[in-house]
Each structure stands twice: as structure tokens, then as C-alpha cells.
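Worksheet for the structure shown next.
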Amino acid sequence: MENERIKVLIGDDSASNGVKTAVTLRECGFIAYTRRKNGKAILDSILKDSPDVVLLDLTLPDTDAISLIERARASSGNVPAFIVVSDINNSFIERQVIENGASYFLSRPYEVGAIASIIKSVCKRSPDRSCTDTEIIVTDIIRRLGVPAHIKGYHYLRTAILSAIDNQKLMDCVTKLLYPRVAQKYDTTSSRVERAIRHAIEIAWDRGNAEMINDFFGYNVDSYRGRPTNSEFIALISDRIRLQLKSAHA
């Protein structure tokens, strides 16, 4: 039913960007529509159309994303989730955006298809039945840890964690069991999966949410090494989510 689908407002009506993104999102099952890249037009649509998620640029001709989020919160009782896009990949800017109410900071260039996963992670409702609660939880955790959605390691890591949650025995031999399973899904090699996941973890440690990283890994990982191995990262997150799901269904 249409009222069960996520409604996405795209604050850009250009054919090369906004319209293209809207088409892709509709193909993924979302209700997606565009508005002019203008703070007033976007805010008017938030108040009138009540979107679940708003995708907008960090800077707009008449304002900026942070100011617009503040105005939306002051004007509307039902505030959407905001995904802020920027041409600048800067950890300070990202921190400011997130601290001021955005759910996600996305830097260009990025794959349009990756936005669908991000939208699912920031929105409580799924556009279709194919996205499970577990998928949403995993996506949200690796996003908040600081793994950017546009890199291959994000997708490999997400699949690896989901696989480990589903079958804990895969963690008994990561290189011979888990990596090959992920590699098969993405038509690549186990060594490339391992390197891409390593790269994703390195990025998370360099630019991620330090408080959340400490919460997940601060007391479980050798402080001398400073950051977990691929296996530790996957095992710790999958174990935590498995316990969370078990507790929720108890």
C-alpha cells in the first residue's frame, strides 16, 4: 500500500541530479519527488507534504542545510530525517551537520543506488518487505560508526555482518568461509573483499563517531593496536546485534 512506503523529498529539481535520483528511488519502491534547490521551497514542501526523508545540499542559494533543519524543527511537529549532501568531504563539517540534526552526511561523488540503503537506515519504515529489521539495524550501525556508503567496503561489510548474524559458524574461519560468501555475491575475490573491508574500517577510525566507536570497541580491543581486525569488527557487531534481536523477541 502506498501509505506504507517511504516518501522522499529531493531538494534539487535538475534533470542531471534530482530528477535522476528520484527516478532511481521510485524504481526501488519509494515515493520520491523533487523541489527547487531553494530553502523556502524545500521548507514549504516539508510543511505541506510531510515527507519521511529529505535529501538536500549542504549549501542552498538562500540558506544552508543546518539553518533549514532548525527552521523545520521549529515549524513542524513531524520532522523528517535529513540526509545532507556536500561536495566537500570534511570530518568537521560532517560532525557539525550531524550534531545539528541531520541523520546522515553524504559526500560526492556517490552511487545513486547507495542512497536507497541510506534512506532505509535513517527511516523507521521500510518501502517494501524485502528490507528486514536486521538489515536496517546493521546499516544504521555501520553508518553511525562512520563507514561511508559509497565505498565497496561498506557493502561488503554490511553483507559480512548480516551473514555472520545468520550463521555464526562463518566466524570460525573468516578467510575460508565468510569472505568467499561475500565475494560470490558481488562477483569479486576474497582478497578484494578483505582489503575493501579493511579500508572501510580504517576510514571509520579516522573520521567516525569516536564515542560510538569506544562504546562498541573501547573495552574489547587491544588498546595498543587501537583498532580491531576485520574479524573482530564483524564478530563484535554481529554478536551485539544478535543479542539485541534475541532480547527484543524474548
Side-chain angles (χ1 to χ4, degrees), residues 8-14 16-18 20-22 24-25 34-43 45-46 51-76 79-123 139-155 157-158 196 199-218 226-227:
V8 184
L9 161 59
I10 302 165
D12 182 348
D13 61 355
S14 66
S16 60
N17 190 19
K20 179 181 178 182
T21 301
T24 300
L25 291 179
T34 65
R35 290 293 182 266
R36 296 195 321 276
K37 188 187 287 188
N38 173 278
K40 184 179 185 305
I42 295 171
L43 182 60
S45 180
I46 291 173
D52 300 301
V53 179
V54 177
L55 181 69
L56 76 162
D57 272 28
L58 175 64
T59 57
L60 301 164
D62 59 336
T63 186
D64 61 75
I66 292 176
S67 297
L68 194 147
I69 292 172
E70 291 176 349
R71 289 161 61 191
R73 288 181 172 232
S75 305
S76 174
V79 182
F82 289 90
I83 298 172
V84 177
V85 183
S86 174
D87 292 320
I88 304 171
N89 186 357
N90 180 286
S91 58
F92 175 77
I93 294 175
E94 178 175 3
R95 194 177 310 114
Q96 291 297 308
V97 168
I98 299 299
E99 288 178 354
N100 282 279
S103 297
Y104 199 92
F105 178 83
L106 183 63
S107 59
R108 294 188 179 92
Y110 58 81
E111 295 180 11
V112 176
I115 296 178
S117 295
I118 297 170
I119 290 171
K120 290 176 183 179
S121 74
V122 302
C123 189
T139 302
D140 182 59
I141 286 176
I142 61 176
R143 172 188 66 81
R144 289 191 289 129
L145 283 171
V147 180
H150 66 277
I151 63 174
K152 290 181 179 179
Y154 169 93
H155 301 285
L157 188 56
R158 182 174 178 272
H199 177 61
I201 294 172
E202 296 288 343
I203 291 177
W205 245 250
D206 290 339
R207 54 170 276 191
N209 184 324
E211 184 176 345
M212 186 172 179
I213 287 173
N214 186 65
D215 179 46
F216 267 83
F217 306 102
R227 60 194 68 191

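- The nearest pair of heavy atoms linking A22 to T34 is CB-CG2, 4.0 Å.
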Inset, instruction - Evaluate the criterion side-chain contact (heavy atoms from CB on, under 4.5 Å) for residue pair I83 and I119; output intermediate values, then yes/no. - result: CA-CA 8 Å; I83 298 172; I119 290 171; 3.7 Å; yes

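- Smallest separation of non-hydrogen atoms from S103 and A81: OG-CB, 3.6 Å.
- Using a cut-off of 4.0 Å between Lys/Arg side-chain N and Asp/Glu carboxylate O, D57 and K37 are scored as salt-bridged.
- Residues meeting the side-chain contact (heavy atoms from CB on, under 4.5 Å) test with R35, sequence neighbours left out: L9, Y33, S45, D49.
- The minimum heavy-atom distance between D62 and G39, with the atom names listed, is OD1-N, 2.8 Å.
- Partners of T24 according to the side-chain hydrogen bond (donor to acceptor under 3.5 Å, both in side chains) rule, which considers only residues two or more places apart in sequence or in another chain, do not exist here.
- Annotation for Y154 and S117: closest pair OH-CB, 4.2 Å, computed over non-hydrogen atoms.
- To the nearest 0.5 angstrom, T59 atom OG1 is 11.5 Å from I66 atom CD1.
- In this structure, the separation between CG on L68 and CG on L58 is 11.5 Å, given to the nearest 0.5 Å.
- For the pair I46 and F82, the minimum side-chain heavy-atom distance is below 4.5 Å.
- Residues satisfying the salt bridge (Lys or Arg N to Asp or Glu O under 4.0 Å) test with E70, not counting sequence neighbours, are none.
- Taking all atoms of both residues into account, the shortest heavy-atom contact from T21 to L55 is CG2-CD2, 4.0 Å.
- Listed by chain and residue number, nothing satisfies the salt bridge (Lys or Arg N to Asp or Glu O under 4.0 Å) test with K20 (two or more places apart in sequence, or in another chain).
- Residues that satisfy the side-chain contact (heavy atoms from CB on, under 4.5 Å) test with L43, not counting sequence neighbours, are L47, R71, A72.
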Legend entry - Intermediate values then yes/no, side-chain contact (heavy atoms from CB on, under 4.5 Å), V85 and D12: CA-CA 11 Å; V85 183; D12 182 348; over 6 Å; no

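- Looking at I10 and L25, their side chains come closer than 4.5 Å, going by heavy atoms from C-beta outward.
- Listed by chain and number, the residues in a side-chain contact (heavy atoms from CB on, under 4.5 Å) with I88 are S86, N90, I93 (sequence neighbours excluded).
- L157 contributes atom CG, which lies 15.5 Å from atom NZ of K152 (distance to the nearest 0.5 angstrom).
- Atom CG of L56 and atom CG of D64 lie 9.5 Å apart (nearest 0.5 Å).
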